[in-house]
Student: 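Sharing a structure with you now.
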Amino acid sequence: MSTKDVVLEQLIKSGGSALSGAKLAQELCLSRTAVWKAIEELRRDGYQISAVTNRGYTLVEQGDRLSLPAIRSFLRRKPTADQIRLYDSLESTNQTAKQLALEGAPSGTIVLADEQIGGRGRRGRSFFSPAGTSVYFTVVFRSELAADRAVMITTAASVAVARAIDRITGGEPRAQIKWINDVYLGGKKVCGILTDAVTNMENGSFEYIVVGIGINVNNKEEDFPEEFRSRAGSLFSVTGKRYDRNRMAAALADEIADILPVFSSGDYLKEYRSRSCVLGRAIQIFGGGHDGTPATAVDIDDHGYLLARGQQGELYTLNSGEITIRSR
């Protein structure tokens, strides 16, 4: 990390207590001048840092900025060097993560951005990705899982996202999951997940997977394009409270790190079912030969597939495609 990032991390860890320049210099093996220069750089970046004679420096307000030192300070476990990469703006975090994976980035590498200018969702749809409001997050994952088990990765990531949101909001209301890859809060979609993978054609297993996650954190209702407002929301628009995006990013990194290495066991599927907002509901099925087929969602099996019962009693087993919830 740069000198200013190291100084910022110490100020965040102080929890609002003043840190003397002499103490910062000693602990970080820096000169007093280097500490002062770092403080001035942070102020130019928009951080409000007070300086009181004989007391030291205090971080008064860091605003709603994403920063690696802040994210690191909230993590349960410290990341290795370069494990988390933060950018002001990217075309998409998935695209950058795939490039890093091709260059040999290890499993667990995380790409974060303050905004995406070319974000996309499923089936190539554009993904609304403004700056300063949300968390755009992609993790590189390497596994020898067979390609036909890709649904397990997306369902596991959905549970990780729901846990992270509950951790930040206190779990009221509880985050729910709409099969296969959307997370809802208070009846509004607050997160979408897009899983991309490169498959080894010789053995049918994955060479690498990137799991892209976009969480709407502090967006106001009017921030969304008009056509999305009836169904899209954010943690703020649902609860009326603003949240620290650094805490959200750290909570997500923690939960992803906990669940992805053990996802193949399927232990999380009980929780996935309990968080489902589609089971027992009337739905329409799209994709895989379906064009709005009416059915009822009845269960999620041990592979993460959705089981749906058609109007004539036929059973559909869905491992791809999309569903919409029909009005009662």
Student: Salt bridge or not for Arg163 and Glu271, using N-O below 4.0 Å?
Tutor: yes

Student: Between Arg231 and Asp182, is there a salt bridge with N-O shorter than 4.0 Å?
Tutor: no

Student: Under 3.5 Å, is there a donor-acceptor pair linking the side chains of Gln95 and Gln99?
Tutor: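 No, no side-chain donor-acceptor contact under 3.5 Å.
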
Student: Taking salt bridge (Lys or Arg N to Asp or Glu O under 4.0 Å) as the definition, give me every residue that meets it alongside Asp82, ordered by chain and number, with sequence neighbours left out.
Tutor: none

Student: Which residue, Val211, Thr138, Asn94, Val210, forms the side chain to side chain contact (heavy atoms under 4.5 Å, CB included) with Leu194?
Tutor: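 Of the listed options, the one satisfying the test is Asn94.
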
Student: Going by an N to O cut-off under 4.0 Å, is there a salt bridge joining Asp302 and Arg273?
Tutor: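 Judged by the 4.0 Å cut-off on N to carboxylate O distance, Asp302 and Arg273 do form a salt bridge.
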
Student: Check step by step if side-chain hydrogen bond (donor to acceptor under 3.5 Å, both in side chains) holds for Thr154 and Asn181.
Tutor: CA-CA 6 Å; Thr154 305; Asn181 64 338; over 6 Å; no

Student: Are any of the side-chain nitrogens in Asp5 or Arg72 under 4.0 Å away from the carboxylate oxygens of its partner?
Tutor: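 Salt bridge absent between Asp5 and Arg72.
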
Student: What do you reckon, is NZ of Lys23 surrounded by more than 12 foreign heavy atoms closer than 6.0 Å?
Tutor: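 Result for NZ/Lys23: open.
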
Student: Please find out if less than 6.0 Å separates the ring center of Tyr47 from that of Tyr57.
Tutor: no

Student: Should the pair Glu314-Arg309 be classified as a salt bridge under the 4.0 Å nitrogen-to-oxygen rule?
Tutor: no

Student: Take atom CZ in Arg229; do more than 12 heavy atoms of anything else shown fall under 6.0 Å from it?
Tutor: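 Yes, because the 6.0 Å sphere around CZ of Arg229 holds more than 12 heavy atoms from other groups.
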
Student: Decide, yes or no, whether a salt bridge links Lys37 with Glu40 under the criterion of side-chain N to carboxylate O below 4.0 Å.
Tutor: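 Looking at Lys37 and Glu40, the cut-off is not met.
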
